[in-house]
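Everything numeric here is computed off the predicted structure, so don't read it as measured data.
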Amino acid sequence: MGAQVSRNDYEWVFTDEPHATRRALILAKYPQIKKLMKVDPHFKWTVLLMVLTQIVSFYLLRNTTSFWLLLVVAYCFGGVINHSLMLAIHEISHNQAFGASQPMANKIFGIIANLPIGFPFSVSFKKYHIEHHRFQGDDILDTDIPSRFEAQVFTTTWTKVIWVILQPFFYALRPLFVHPKKPTLLEFANVVTQLSFDFVIGQTLGWHVVAYMVCGSLIAMGLHPVAGHFISEHYIMFKENKDQV
């Protein structure tokens, strides 16, 4: 968050992919960790409970007309749960709901976990996220990396704040510009299912509830405490010589 970025290129390294190296080192030192490499049987029930909790909250907010109340609840409650559901979708993309032997069950479950979030992204996320792991650090195939456009425009403290606020939009739209792919039938199913759910909620509980769903998700992916891990996990903050980047 330096006042002005002086860099004009990515930080290029030519070492092994860090996840794979770290995994080998950890397993060599603590082989007992392999016993934890299994599906958590409670995971899918926790996800379903979060989905149900959100649906109940939608019902309770059906008669709310105060914009500020909806905003506060979205920031403090709904957005937090939706962020948790997004992280659950990340785990589901790695087949952690039903195991690697049931890939379709995991994909369908991801669409269900997607419902309270308000906009469809589960299937598309998996498609790009697997490449993020497989080609980590590749400035084209790893779409978790900010584009050159972002790096060139958001170069000061305040423009970086704007970037953090808009992070969900960059995260969602970046693949379409950097590494576009032909949509799959399952992605269309994700879109149809999500829009149908939104329509039912809007018609029965009010379109302000749909706005609450979507806004909570966007807020909790942007300038929000629970979204801080996006930055800490994926972006360089300081070089070894303490120059800010």
Side-chain angles (χ1 to χ4, degrees), residues 9-10 12 17-20 39 44 47 51 82-154 163-202 210 213-218 220-222 227 229-230 233-235:
D9 196 6
Y10 293 114
W12 295 98
E17 194 277 307
H19 284 97
V39 173
K44 56 182 173 293
V47 173
V51 171
N82 278 358
H83 190 93
S84 296
L85 285 171
M86 293 177 194
L87 297 183
I89 288 172
H90 168 268
E91 300 305 310
I92 294 167
S93 74
H94 290 285
N95 297 318
Q96 289 302 302
F98 298 97
S101 63
Q102 301 185 63
M104 184 54 68
N106 284 285
K107 291 175 182 177
I108 293 173
F109 192 67
I111 293 175
I112 295 173
N114 196 152
L115 293 176
I117 293 171
F119 49 85
F121 86 101
S122 177
V123 178
S124 297
F125 172 81
K126 176 180 175 67
K127 182 170 66 174
Y128 283 102
H129 185 68
I130 297 304
E131 288 195 346
H132 159 66
H133 283 282
R134 187 176 299 163
F135 304 106
Q136 190 172 93
D138 187 296
D139 57 324
I140 299 297
L141 299 178
D142 183 359
T143 56
D144 274 22
I145 297 176
S147 65
R148 290 186 179 274
F149 168 80
E150 295 167 65
Q152 291 169 359
V153 172
F154 301 96
W163 182 87
V164 171
I165 294 172
L166 298 178
Q167 182 178 210
F169 297 100
F170 288 116
Y171 198 83
L173 298 176
R174 187 186 302 135
L176 302 180
F177 292 94
V178 176
H179 185 40
K181 293 184 176 184
K182 184 178 179 180
T184 65
L185 288 176
L186 202 58
E187 283 180 281
F188 285 117
N190 192 177
V191 171
V192 171
T193 302
Q194 185 63 58
L195 294 182
S196 298
F197 179 81
D198 293 349
F199 181 78
V200 170
I201 293 296
V210 177
M213 293 163 54
V214 175
C215 289
S217 299
L218 296 177
M221 286 181 68
H229 69 94
F230 285 134
E233 292 168 356
H234 293 98
Y235 306 121

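Side-chain contact between Thr193 and Leu115 is present, with heavy atoms from C-beta onward closer than 4.5 Å. Looking only at side-chain heavy atoms (C-beta outward), Pro116 and Leu85 come within less than 4.5 Å of each other. The closest side-chain heavy-atom distance from Asn95 to Lys126 is below 4.5 Å. Residues Leu218 and Phe119 have side chains in contact (heavy-atom distance under 4.5 Å, counting atoms from C-beta outward). Counting heavy atoms from C-beta outward, Phe121 and Met86 have side chains that approach closer than 4.5 Å.
Here the closest heavy-atom approach between residue Pro103 and residue Ala100 is recorded as CD-O, 3.6 Å. Minimum interatomic distance between Ala220 and Ala227 (heavy atoms only, all atoms of both residues): O-CB, 3.3 Å. In terms of heavy atoms, Ala97 sits closest to Phe109 at CB-CD2, 3.7 Å.
For the side chain to side chain donor-acceptor pair (under 3.5 Å) test, residues two or more places apart in sequence or in another chain that qualify with Gln194 are Asn114, Asp198.
Residue Ile89 is tested with Ile111, Val47, Ile117 for a side chain to side chain contact (heavy atoms under 4.5 Å, CB included); the sole match is Ile117.
Here the side chain of Asn190 pairs no donor or acceptor atom with the backbone of Ser124 at under 3.5 angstrom. For the pair Asn106 (side chain) and Gly99 (backbone), a donor-acceptor distance under 3.5 Å is present. In this structure a side-chain-to-backbone donor-acceptor pair under 3.5 Å is present from Glu187 to Thr184.
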